[in-house]
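Notes for the one structure printed next.
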Number of protein chains: 2
Amino acid sequence: MPNSSRYIYMAGVMKALAHPTRLFIVEQLNEGERNVSDLTTMVGIDISTISRHLSILRQAGIITVRKYNNQMIYSLLCPCVLDMFRCVVQIRESQND
Amino acid sequence: MPNSSRYIYMAGVMKALAHPTRLFIVEQLNEGERNVSDLTTMVGIDISTISRHLSILRQAGIITVRKYNNQMIYSLLCPCVLDMFRCVVQIRESQND
DNA sequence: TTAGTATTTGGTCACTTTGCCAAATAGCCC
DNA sequence: GGGCTATTTGGCAAAGTGACCAAATACTAA
């Protein structure tokens with residue numbers, strides 16, 4: 001039953017969020033649109049790696065992109081993922097008992 | 001900045017949820033407690049694999065366990081993860097435009 | 001067309017994940 | 001203790017992930 005397309009799809013979205021750098025990117029995009037160079041500077045790793053992280057988030061339907069001159073401007077599609085973060089914080093706090 | 005403990009922790013929780021079988025388990029536990037054998041029957045893969053999935057969810061703080069005779073009874077700790085599922089459904093629906 | 005800037009893609013490598021089987025552990029009952 | 005049931009752990013193979021560098025692509029500007 002877990003191999004139904006529903007669970008596979010959901011796992012795909014969660015997997016896209018299951019990386020520190022991608023979570024950071026999502027939070028940054030929640031503040032506003034960013035291009036690849038800006039995100040690269042903030043994160044401090046190779047630009048090609050950032051580009052791949054962005055591609056993963058985009059394919060998962062979490063972010064979108066538009067072209068502006070020779071730049072790619074990324075922005076958050078579903079701010080509801082920020083609510084997920086709140087749940088995670090709840091889990092973390094409930095741990096310390 | 002993404003290598004702060006906050007992002008690493010959050011990514012850990014998301015990673016624990018980033019597998020179809022583990023999502024299925026979480027939904028089952030939302031219906032009520034289950035032991036390992038029951039979950040194994042429902043999922044239909046090796047019991048040792050189920051045990052490992054449960055261990056991952058437990059270590060992430062998403063589920064907990066108690067002993068009853070020679071069984072291990074697992075239950076959901078933070079039902080708020082179900083809200084995450086709702087967000088994922090939202091993402092999926094917004095895709096079909 | 002050529003040079004310059006921004007981004008993506010190909011290739012490689014080390015590491016992690018997930019499945020199975022077999023064996024170990026834990027608790028119950030006789 | 002010995003047998004039975006339930007669960008976890010060790011070991012291994014196949015597949016997936018994430019980082020880098022180098023090269024390709026795309027667009028601007030001269």
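Throughout, protein chains are lettered first and strands after them, A, B, ... in sequence-line order, and every chain is numbered starting at 1.
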A:Arg58 charged N/C atom sitting above A:Tyr74 aromatic ring, 6.0 Å / 45°: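 Cation-pi check for A:Arg58 and A:Tyr74: fails.
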
Euclidean distance, atom CG of residue B:Leu54 to atom P of D:dT7 [Å, nearest integer]: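 Checked: the CG to P distance equals 9 Å.
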
Distance, rounded to the nearest Å, where B:Leu57 contributes CG and C:dT18 contributes P: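 Rounded to whole Å, this separation is 11 Å.
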
Nucleotide-resolved protein contact map, nucleotides 14-22 of chain D, B/S/- at heavy-atom distance under 4.0 Å: ---SSSBBB

Shared hydrophobic cluster for B:Val81 and A:Val26 (ILVMFWY, side-chain gaps under 4.5 Å):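 Linked, B:Val81 and A:Val26 end up in one cluster.
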
Main-chain N/O of B:Gln71 paired to B:Asn69 side chain as donor or acceptor, under 3.5 Å: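 No.
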
Exam field: side chain A:Ser51 to backbone A:Ile47, donor-acceptor pair closer than 3.5 Å: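 Flag not set: sc A:Ser51 to bb A:Ile47 has no pair under 3.5 Å.
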
Step-by-step salt bridge (charged side-chain N to carboxylate O under 4.0 Å, His left out) determination, B:Glu27 to B:Arg22: CA-CA 9 Å; B:Glu27 279 201 345; B:Arg22 294 197 288 269; over 6 Å; no

Aromatic plane relationship, B:His53 with B:His19 - under 30° parallel, 30 to 60° tilted, over 60° perpendicular: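 Rings of B:His19 and B:His53: tilted, 30 to 60°.
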
Nearest heavy-atom neighbours spanning A:Ile91 and B:Gly61: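 Reported closest heavy-atom pair: CG2-O, 3.6 Å.
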
Residues within residues 27-41 of chain A bordering DNA chain C, heavy-atom distance below 4.0 Å: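 Result for residues 27-41 of chain A: A:Asn35, A:Val36, A:Ser37, sorted by number.
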
Protein and nucleotides 27-30 of chain C: nitrogen or oxygen contacts under 3.5 angstrom:
from	atom 1	to	atom 2	distance (Å)
C:dG27	OP1	B:Lys67	NZ	3.4
C:dC28	OP1	B:Asn69	OD1	3.3

Heavy-atom check, side chain of A:Leu57 versus side chain of A:Leu29, under 4.5 Å: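 Side chain of A:Leu57 against side chain of A:Leu29, heavy atoms only: no contact under 4.5 Å found.
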
Side chain to side chain donor-acceptor pair (under 3.5 Å) between A:Ser37 and A:Asn35, intermediate numbers included: CA-CA 6 Å; A:Ser37 295; A:Asn35 66 24; 4.6 Å; no

Result of checking B:Leu54, B:Val65, B:Thr41 against B:Val36 for side-chain contact (heavy atoms from CB on, under 4.5 Å):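 Result for side-chain contact (heavy atoms from CB on, under 4.5 Å) with B:Val36: B:Leu54.
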
